[in-house]
J.: 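Below you'll find the structure I mean.
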Amino acid sequence: MGLLWIPLLPMLGTLMPLLASRFSRNSIAIFTALLPAIALILLFKQAPAVFSGEVLAVSFEWIPLAGLDVAFRLDGLAWLFALLILGIGQLIILYARYYLSEQDNMPLFYSYLLLFMTAMLGIVLSGNLIQLWFFWELTSISSFLLIGFWSHKSEARKGARMALTVTGAGGLALLAGLLLVGQVVGSYDLSTVLASGDLIREHAAYPVILVLVLLGAFTKSAQFPFHFWLPHAMSAPTPVSAYLHSATMVKAGIFLMARMYPVLSGTELWFLIVSMTGLATLLIGAYVALFKHDLKGLLAYSTISHLGLITLLLGMNTQLSTVAAIFHIINHAAFKASLFMAAGIIDHETGTRDMRQINGLWKYMPHTATLAMVAAASMAGVPLLNGFLSKEMFFAETLQQVTLGSLSWMVPVFATLGTVFSVAYSARFIHDVFFNGEPVDLPKTPHEPPRFMRIPVEVLIALCLLIGIFPTFVVGPLLAVASTAALGGDLPNYSLAIWHGFNIPLLMSFLAMVGGLIIYYNRKHLFRFQAQFPEADAKLIFEWMMQQLVKGCTSIMQKLENGSLQRYIYLLIFLAMILMAGPMIDLNATEGHKSQLPIDNLSLIAAIILAVATLATVLFNRKRLVSIISLSVVGLIVSLAFARFSAPDLALTQLSVEVVTMILMLLALFFLPQNTPKESHPRRLVRDLSLAGIIGGVIGTINYAMITRPLDSISWFFLENSKSGGGGTNVVNVILVDFRGLDTLGEISVLGIAALGIFKLIVRMRLYMPSSDSTGRPWAVGRHPMMLSVVSQSLLPLALLVSAYIFLRGHNMPGGGFIAGLITSVAIIQQYIAHGVDWIKDRLRINYQWLVASGILVAALTGVGSWFFNRPFLTTWYDYFNLPIIGEFELASAMLFDLGVYLTVIGATLMILANLGKLTTNQSPAMKENN
Amino acid sequence: MIQQHLTLLPVVFPLIMGALILLPPITNSLVRQRNVTLLTSLVLIALSIWMVQIASSGSIQLYYLGDWKPPFGILFVADRTSALMVLLSSILTLGALLYATGGDDKTGMFFYPLFLFQIAGINGAFLTGDLFNLFVFFEVLLIASYSLLIHGGGKQRTQAAMHYVILNLVGSAFFLFALGILYGTLGTLNMADMAARIHQLQPDEQALVKAGGLLLLVVFGLKSALLPLQFWLPRTYSAASAPVAALFAIMTKVGIYSILRVHTLVFGPEAGDLANLIQPWLWPMSLLTLAIGAIGALASPSLRMLASNLVIISVGTLLLAAAIATPQATAAALYYLVHSTLIAAALFLLADVIGEQRGKPGDRFVSARRVQQPVLLGTAFFVSALSLAGMPPFSGFVGKLMLLQASSLPSIASWVWPTLLISSLAVIIALARAGTSLFWRVSGENSATETPPLFKLSGVWLLLLCSPLMVIFAGSITEYTRLAAEQLFNIQPTIDLILQQGAK
Amino acid sequence: MDAKPRFRLVPMPVQSALLFVVWLLMNNTLAVGHIFLAATLAFTIPLLVNGLQNPQPTVRKPLLALRYFLLVLMDIVIANMQVAVLILGPLKKMQPGFVAVPLDINQNLPITLLASTVSLTPGTVSCDVSEDKRWLYIHALNLVDEQALIHSIKTRYEAPLKEIFGC
Amino acid sequence: MLKTALLLVNVMIAIALLLSLWRLIQGPSLADRILALDTLYINSIALIILLGMYMGSPLYFEAALLIALLGFVSTAALCKYLLRGDIIE
Amino acid sequence: MNWIELILSFFVLLGGLFMLIGSIGLARLPDFYMRLHAPTKATTLGVGSLLIASMLFFSIKNSMFSIHEILITIFLFITAPVSAHMMAKAALHVDTDTLERTQGVEAHKAATAGGNPPAKADLVNKQKGSEN
Amino acid sequence: MEALFAFSIGLLTAAGVFLSLRGRSFPVVVGITLLSYAVNLFLFSSGRLTINGAAVLGTSEVYADPVPQALVLTAIVIGFAMTAFVLILAMRSRADLGNDHVDGRLAVEPEEKKK
Ligand code: NA
Ligand code: NA
């Protein structure tokens with residue numbers, strides 16, 4: 001269980017600084033350090049077991065479906081990395097306490113830092129590949145926050161974004177790779193995977209897996225050509241650079257390669273990709289580092305170079321080289337973290353990081369200078385320091401490899417060359433900063449930093465020395481156990497002695513040392529040579545690429561999404577037609593075998609009228625009023641068609657809807673242009689006409705094919721049960737109010753909602769009200785023709801009577817609440833037309849909104865009523881009663897439902913039409929202030 | 001009694017409450033309207049949790065409207081999937097409503113009743129087992145959405161509404177053509193009955209039914225913003241007022257749900273000659289939808305626009321799952337659907353707050369004054385961004401992960417994985433750009449205007465909280481979606497259940 | 001005219017009677033249930049719409065009204081024959097024209113009835129009523145003698161109407 | 001005999017419909033088109049009554065009644081539109 | 001039985017004939033105001049006759065008094081003149097062309113002027129003129 | 001008869017689609033109205049064409065399929081609501097944007113003056 005707490009404690013620790021934010025800076029730092037410190041202790045408590053070769057593991061089920069368990073696994077490799085993370089983490093916390101200024105949000109910084117720490121621990125301790133990826137991404141995210149911590153700096157924002165983009169992309173590749181691994185192995189459990197090396201290497205997907213996983217590793221570890229983000233991450237506060245960009249995050253990629261070493265390595269492909277990438281990175285990083293004037297820039301490229309070195313070692317496919325890689329991981333973490341911290345102190349004390357300004361600091365801060373120089377010497381590989389040991393091992397290994405065949409000599413040569421530059425930039429770091437005359441224009445006068453700020457550096461330098469001098473004693477067991485884990489088996493023989501006698505690696509070291517110093521001495525020529533090449537700033541290029549990407553995307557979107565409804569409709573219909581092509585081809589015979597009705601002359605004439613009126617609607621579409629009139633003819637013929645083909649209810653409904661629609665169109669047309677100008681390009685007309693023709697043809701064909709085939713439908717049930725089950729003989733109406741009453745409830749809701757929506761549209765509408773008709777003639781003077789008024793008001797009672805008639809008979813004969821409602825509405829609208837709004841408003845006080853609501857409510861509650869008889873919603877009830885004198889009559893709950901329909905229809909129609917009419921009057925609808 | 005009618009309540013309850021709100025005394029005071037609506041939404045959550053609980057046992061709840069048995073009457077079906085969708089809509093509703101109480105409810109009339117009507121329509125679409133009834137509920141939710149879209153007024157909204165409404169009208173026309181074809185060949189409206197009858201067709205009738213099924217794809221594709229029918233979405237969603245946009249986050253999902261439902265039940269793997277009717281089309285279109293969404297995300301000049309494009313990406317992702325058409329992919333899709341809906345909604349709300357606090361530049365990605373609540377909003381943005389980008393530790397990664405796993409057959413993966421992963425990267429880039437512009441690129445301090453009321457932000461947090469919760473409980477949630485997907489694909493028992501009940 | 005009408009239980013007796021009859025007509029029945037229903041509707045509908053009625057002069061002489069109705073009916077039949085002949089005959093002979101008929105009645109309902117009668121009967125359509133309600137403009141299909149036309153309208157239709165409504 | 005008469009009238013009304021349509025298309029003025037529409041409504045009433053008799057079904061009466069009622073409203077609305085533009089004011 | 005059919009046929013044919021004549025007039029007459037006469041008149045009688053036929057037909061068919069068709073007639077008789085009136089008014093307003101030989105120019109002008117009363121003198125002159 | 005019916009539906013559809021592809025709001029609305037006629041007739045005919053068989057019990061021997069009729073009735077009402085909404089929206093759009101284009105233009109028509 002102790003294992004579980006190791007990542008868990010830092011995770012809880014993210015909250016500590018936030019909780020402690022009210023206390024002093026020291027307290028915040030202490031609170032922050034507390035939980036990771038305990039975790040570190042716990043880590044040491046696991047040491048005996050781990051060093052004895054045990055693999056500790058703990059796991060719980062989390063998302064079994066995705067193969068994701070909460071699984072932690074501690075072996076030597078993980079222990080080593082956890083030690084780096086937690087140990088250096090403690091130092092960084094201490095260092096940051098002094099580094100951060102009063103203006104910085106220290107609790108937030110610490111919180112981010114611990115979040116990152118958690119993520120790193122998660123990676124190294126993961127016992128499940130998916131979980132590993134989970135924490136992998138978490139490091140990208142937390143490092144984004146840390147790099148961008150000084151968000152007011154443009155540098156920081158861009159650097160953070162770049163890092164996130166590159167490592168994020170790598171993370172996605174890694175995910176794919178890990179998923180493939182899981183696919184091949186059949187499990188995401190790390191132990192299982194590590195035991196399946198052969199299976200993976202022999203699988204067809206191995207190259208893909210390898211490339212994907214390596215993409216993840218290379219981006220994270222800043223390997224060429226993905227190295228460019230790392231220097232720009234230097235805009236982060238220095239503790240971040242020291243922690244993330246030397247000791248931990250960039251090592252995550254290395255860790256991954258080491259972790260997967262047993263399953264992925266050992267092939268030629270591995271060698272080619274990994275070692276060549278490492279070699280290139282090593283050279284480029286070392287070369288560029290020399291030319292950086294920025295202190296942290298130099299360190300960043302140096303880091304890239306050393307990461308390249310480790311990668312190269314891992315790529316060489318030998319056990320010893322792997323041991324060397326692990327060893328160098330430790331050493332690099334120690335000297336590079338201390339160098340970054342020293343750089344931070346210098347930056348902190350001088351106010352700049354430009355080495356052209358910073359000179360001769362030896363005088364001002366000898367203590368710090370000593371520390372930094374030791375670290376830099378270690379970086380250069382000076383004997384008696386830790387860097388020297390792993391470098392020797394590296395040289396030795398470069399001499400062993402033969403995979404490149406006759407070109408194998410290149411590896412040691414380039415390795416030496418890389419080290420030459422490494423020595424050169426180390427020399428530059430030492431000479432240029434601490435000697436080389438007096439400082440130039442420093443913003444501050446430098447002096448030694450606070451006592452405690454130096455302690456972390458001192459600890460790390462001590463480590464460098466101790467390892468350098470007593471390697472076997474200090475680091476031997478750790479290296480052994482970590483290497484065993486990385487190799488996934490037995491350890492090779494190696495010696496950690498300082499002195500191996502005069503041999504080629506020593507010669508190479510010597511050459512490198514001398515060569516480096518020579519190069520540094522002649523740096524002026526080299527700088528001049530380098531100055532010929534325009535400096536390609538990765539950040540600028542990256543930003544430019546991003547901008548081009550955004551620009552490109554924007555122009556694509558502007559071209560595609562041009563705001564033209566016509567195009568969208570066209571696409572919609574076009575797509576539908578494309579999809580229809582297949583079925584139309586499949587359709588062998590358009591005509592079916594059902595016997596067809598003969599054409600009678602009236603139907604023919606009606607069809608002709610329909611066709612002519614339809615064409616007239618289209619052809620006159622620019623004269624809008626004429627278009628409306630033609631449209632009503634179409635509607636009329638459609639109603640007649642319904643009547644002709646045995647659907648009286650539909651005919652009635654269509655007729656009433658028709659008139660209301662026409663009134664509505666007239667009301668709206670008043671505020672719209674009366675005519676449509678001619679603007680369609682002939683080509684567009686042809687295009688639209690062809691599409692319209694095709695869809696018309698397709699729909700017509702489908703229709704013909706459908707209605708000439710026999711149908712076996714469920715309708716018999718309704719005909720059989722209408723009377724007995726629904727209590728009505730008009731089957732259509734019984735379907736509407738009973739069998740499918742819910743449709744009707746939905747339908748009146750739609751109507752009611754439309755009324756509300758239209759009211760919303762009308763309220764506060766700014767109007768274009770023409771004072772004359774389209775020909776410029778002023779409107780007629782008389783508002784309400786007398787004859788119309790007189791006749792309309794006399795028709796009103798009659799119309800109401802008719803609607804009562806239609807309503808009451810609906811259940812047994814054509815009719816019903818909807819049609820009745822429309823008739824009532826039309827009658828009332830006719831009063832509006834004939835008498836005007838002012839006249840009506842004193843005489844008719846109906847709140848249409850309430851009418852709509854109560855209509856829906858009546859219908860819905862009628863449905864609910866059946867619950868009290870233990871029946872589902874909308875179960876109808878009917879019965880026949882016998883009263884003296886009056887005789888037998890029927891009562892049905894469906895009538896109450898229909899009443900709801902009736903009320904809604906009236907409410908909605910009038911809410912729409914009357915309010916629309918009121919727009920031009922002083923009764924114009926306004927939004928109620930209802931609070 | 002309530003349990004007996006539980007399946008119906010998510011539809012009828014908001015409908016009745018919506019009508020009640022339009023009547024005095026509630027209609028006379030906005031405060032009363034607020035309270036009643038919030039209460040309604042809480043009750044809806046309780047009801048839908050109950051539904052999910054019942055559904056999770058694996059039993060399919062059937063509700064016979066009017067006591068008419070299938071295939072004759074209208075039938076409501078609450079299985080695991082539909083119960084989950086109803087729960088989703090209820091949670092979303094509460095979040096959006098809480099936000100709306102911050103003042104968006106005042107900028108136009110009838111906000112609350114329209115909201116409830118739309119919920120009724122959405123839930124109806126989720127629950128109904130009858131194709132025509134589905135059409136009716138589509139129309140209910142559409143007309144309510146039209147009215148809500150114009151809430152608050154303004155040029156952009158009107159123009160967006162014009163496009164949205166007209167396109168959907170054409171879409172509805174296609175829906176009715178499709179319904180006509182299906183009734184005219186299969187002779188029934190109940191979806192289970194259709195699935196049963198589809199085997200008895202003559203070849204030519206099959207061609208007709210095929211046409212109907214494909215037309216339905218167009219209709220559902222339009223609702224769900226499938227390429228090339230997605231153009232309306234960014235403008236519409238980014239024009240809508242924040243709570244409305246948040247609610248709209250589920251609208252596309254209604255289309256996707258319908259595809260999952262109809263094209264699995266009627267035209268699914270067991271439809272004989274018509275099996276997997278739409279999959280060949282869905283493949284390229286969903287991949288392209290993902291691509292266009294990613295391009296749009298990169299091109300987005302404002303957070304709302306970005307959120308809209310993220311919705312398109314989620315649509316592409318979900319339809320990709322529908323194209324894969326396996327229970328495994330569908331399980332992933334259902335999880336992803338819930339997550340993406342909630343978080344996209346939260347992002348729309350958040351965009352509004354951020355926009356308000358940044359002054360004139362609003363939520364556009366340009367330098368502006370600092371937001372008043374940088375930590376609060378920054379954290380909220382961070383959570384939503386990570387979720388939507390599919391990055392750990394928030395909910396997006398689970399769905400993405402499962403979908404990748406579901407598409408790991410080499411033939412599929414070579415298409416799906418790059419598209420999914422590259423679009424993820426695009427989202428990461430776009431969101432990183434958004435976050436750094438909105439929170440980090442500040443010029444000057446915020447002149448202290450009043451901070452938004454607590455309630456308003458609680459809506460955002462409610463929705464965002466779902467993300468970590470969905471990760472923590474991912475095990476049981478994915479187990480639920482797995483069983484839901486299996487239920488969705490194992491159609492024969494469903495058909496038997498529905499039609500045997502009818503025969504009784 | 002705009003004064004709010006006082007509440008009356010049966011505000012429009014004539015309409016009520018009409019509604020009663022029309023209901024039975026529509027339903028083609030004399031069943032007791034329907035008579036009861038008809039009475040109910042004839043009672044309630046006027047109550048509902050009473051507010052929406054401008055007061056109109058009442059019929060003073062019902063018998064005369066009936067006579068007038070029959071007269072018009074007969075004229076309609078004749079008018080239709082005449083017009084049919086005109087329409088089918090040679091168009092060149094036709095002499096269309098506008099006529100202004102000075103009015104003696106000045107209330108809305110009688111004027112409306114007169115105008116309607118004019119429209120329904122021989123070859124004339126009433127086009128407009130002047131704002132001061134003193135002129136009725138008529139279009140005649142074949143205007144042979146303007147004065148005779150004016151005269152016939154005034155004596156044949158306007159005079160009885162004036163008498164019926166007593167104005 | 002009645003059948004023959006009905007058939008004959010059928011043809012007459014068909015021609016009437018076509019003539020009205022012709023006027024509707026021809027215009028020339030808007031008033032002409034409104035008049036033609038009004039006539040089409042009336043023709044339709046006749047058509048429906050005829051249809052009722054032809055089929056021997058009383059189910060079509062309401063449709064005719066409705067056309068009579070609604071045709072008037074739409075004619076009045078159209079005329080009001082020509083006169084005032086604003087049909088409800 | 002035969003004479004009933006005869007009567008029925010008569011009314012049916014009469015109705016159809018008038019319907020046709022009305023439409024012929026609509027199509028044939030030379031100006032709007034003249035066309036206005038044709039349908040509004042012919043159709044009242046046309047529809048009337050058909051309705052009478054229908055009444056007879058259903059009364060006999062169902063051996064039950066069926067006179068609800070009268071209702072349609074009532075409606076038409078009430079509304080047709082108003083429709084005509086409105087159409088004429090509209091036509092006057094938009095100044096629809098009249099046949100050149102149309103008489104009563106002054107009355108036409110007066111009516112066109114929005115139904116304002118005509119100048120007294122004009123009409124007096126007019127009346128005088130017609131007396132001459 | 002069936003062919004005539006199908007032809008009419010095809011024509012209505014074509015006309016509706018053509019108009020809905022125009023650039024101004026009003027023709028588009030008219031086009032959608034035409035399209036909805038086509039749709040209603042289409043849905044109606046899914047129950048096949050029947051003459052003299054209204055589904056009123058006791059009035060004939062063979063009845064037309066009542067189900068599509070009920071569906072069409074619902075569709076008509078919904079279509080009406082939708083048409084009303086889009087029409088008023090077109091009006092609002094003109095008021096807000098100053099023109100009745102549907103292709104995203106924002107130019108104000110000079111000849112129209114605001115009240
Ligand atoms: Na220097
Ligand atoms: Na008005």
Side-chain angles (χ1 to χ4, degrees), chain A residues 563-566 569 573 596-597 599 607 610-611 614 618 621 624 627 631 638 645-648 650 653 657 664 668 671-673 676 688 692-693 695-697 699-700 703-704 707-708 711 713 715 718-719 723 729-732 735-736 743 747 750-751 754 757-758 761 765-769 912, chain F residues 1-4 6-15 17-21 23-24 26-27 30 33 37 42 45 48-51 53-58 63-67 69-70 72-74 76-78 80-81 83-85 87-89 91-92 94-95 100 102-104 112 114-115:
Chain A
S564 164
L565 177 66
Q566 291 154 284
I569 298 180
I573 295 168
Q596 299 187 21
L597 299 173
I599 297 182
L610 182 82
T614 305
V618 173
N621 82 75
R624 297 182 173 182
S627 190
L631 190 65
V638 170
F645 298 115
S646 314
L650 286 183
T653 310
V657 164
L664 197 63
F671 303 106
L672 292 171
T676 310
D688 291 354
I695 187 175
I699 294 290
N703 187 254
Y704 184 68
I707 61 180
T708 52
L711 171 67
S713 83
S715 59
F718 303 104
L719 293 167
K723 182 75 182 154
T729 52
N730 180 3
V731 187
V732 175
I735 293 177
L736 284 172
D743 282 346
E747 157 204 321
V750 169
L751 197 57
I758 289 172
L761 281 171
M765 192 189 293
R766 296 176 313 129
L767 285 172
Y768 296 81
M769 200 168 86
I912 297 168
Chain F
M1 186 74 97
E2 275 78 359
L4 196 63
F7 171 80
S8 304
I9 287 179
L11 183 69
L12 280 171
T13 309
V17 165
F18 178 76
L19 280 186
S20 58
L21 289 168
R24 305 287 189 128
F26 193 82
V30 171
T33 313
Y37 289 139
F42 188 98
S45 69
R48 310 300 185 259
L49 303 182
T50 312
I51 283 178
V56 177
L57 298 178
Y63 296 110
D65 192 337
V67 178
Q69 295 192 16
V72 172
L73 220 143
T74 304
I76 291 177
V77 179
I78 288 176
F80 164 66
T83 310
F85 189 90
L87 200 57
I88 308 309
L89 182 62
M91 225 173 111
R92 174 86 200 210
R94 168 92 190 291
D100 64 340
V102 293
D103 53 3
E112 300 291 345
K114 277 184 254 171
K115 190 196 172 183

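Chain identifiers are assigned alphabetically (A, B, ...) following the order of the sequence lines, protein sequences preceding nucleic acid strands; residue numbering begins at 1 within each chain.
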J.: Dump the intermediate steps for side chain to side chain contact (heavy atoms under 4.5 Å, CB included) on Leu610(A) and Leu12(F), then the final yes or no.
T.: CA-CA 9 Å; Leu610(A) 182 82; Leu12(F) 280 171; 4.1 Å; yes
J.: Under 3.5 Å, is there a donor on one side chain and an acceptor on the other for Ser713(A) and Asp65(F)?
T.: yes
J.: So, taking the atom named CD1 in Ile695(A) and the one named OG1 in Thr13(F), what distance separates them when rounded to the nearest 0.5 Å?
T.: 6.5 Å
J.: Below 4.5 Å from any heavy atom of chain F, which atoms of Phe718(A) appear? Answer side chain, backbone, both or neither.
T.: side chain
J.: Quick one: which of Thr33(F), Ile51(F), Leu89(F) has the most heavy-atom pairs under 4.5 Å with chain A, could you say?
T.: Ile51(F)
J.: What's the separation between atom CD in Glu2(F) and atom CD in Gln596(A), rounded to the nearest 0.5 Å?
T.: 4.5 Å
J.: If you look at every heavy atom in Thr614(A) and Ala15(F), which pair is closest and at what distance?
T.: CG2-CB, 3.3 Å
J.: Name the option with the most non-hydrogen atom pairs under 4.5 Å to chain A; the candidates are Phe85(F), Phe7(F), Phe26(F), Tyr63(F).
T.: Phe26(F)
J.: Please tell me if the side chains of Asn621(A) and Val30(F) come closer than 4.5 Å, counting only heavy atoms from C-beta onward.
T.: no
J.: Using every non-hydrogen atom in the two residues, find where Leu736(A) and Ala70(F) come nearest and quote the distance to one decimal.
T.: CD2-O, 3.7 Å
J.: Is the closest side-chain heavy-atom distance between Leu650(A) and Ile76(F) below 4.5 Å?
T.: yes
J.: Give, as side chain, backbone, both or neither, the part of Leu19(F) having an atom under 4.5 angstrom from any heavy atom of chain A.
T.: side chain
J.: Once rounded to the nearest 0.5 Å, what's the spacing between atom CD1 of Ile699(A) and atom CG of Leu11(F)?
T.: 13.5 Å
J.: How many angstroms lie between CD1 in Ile912(A) and CD1 in Ile88(F), if you round to the nearest 0.5 Å?
T.: 7.5 Å
J.: Among Ser20(F), Ala84(F), Gly58(F), which residue has the highest count of heavy-atom pairs closer than 4.5 Å to chain A?
T.: Ala84(F)
J.: Is the backbone N or O of Phe671(A) less than 3.5 Å from a side-chain atom of Arg94(F), with the two atoms forming a donor-acceptor pair by type?
T.: yes
J.: If we ignore hydrogens and angles and just use 3.5 Å, is the side chain of Gln69(F) paired with the main-chain N or O of Ser646(A) as donor and acceptor?
T.: yes
J.: Run Val77(F) and Val750(A) through side chain to side chain contact (heavy atoms under 4.5 Å, CB included) and show every step you take.
T.: CA-CA 9 Å; Val77(F) 179; Val750(A) 169; over 6 Å; no
J.: Determine the option with the most heavy-atom pairs under 4.5 angstrom with chain A, choosing from Thr83(F), Ile9(F), Leu87(F).
T.: Leu87(F)
J.: Rounded to the nearest 0.5 Å, how far apart are CZ of Phe645(A) and CE of Met1(F)?
T.: 4.0 Å
J.: Of the backbone (N, CA, C, O) and the side chain (C-beta and beyond), which part of Leu597(A) lies under 4.5 Å from a heavy atom of chain F, both, or neither?
T.: both
J.: Nearest 0.5 angstrom please: Leu565(A) CG to Arg24(F) CZ, how far?
T.: 14.0 Å
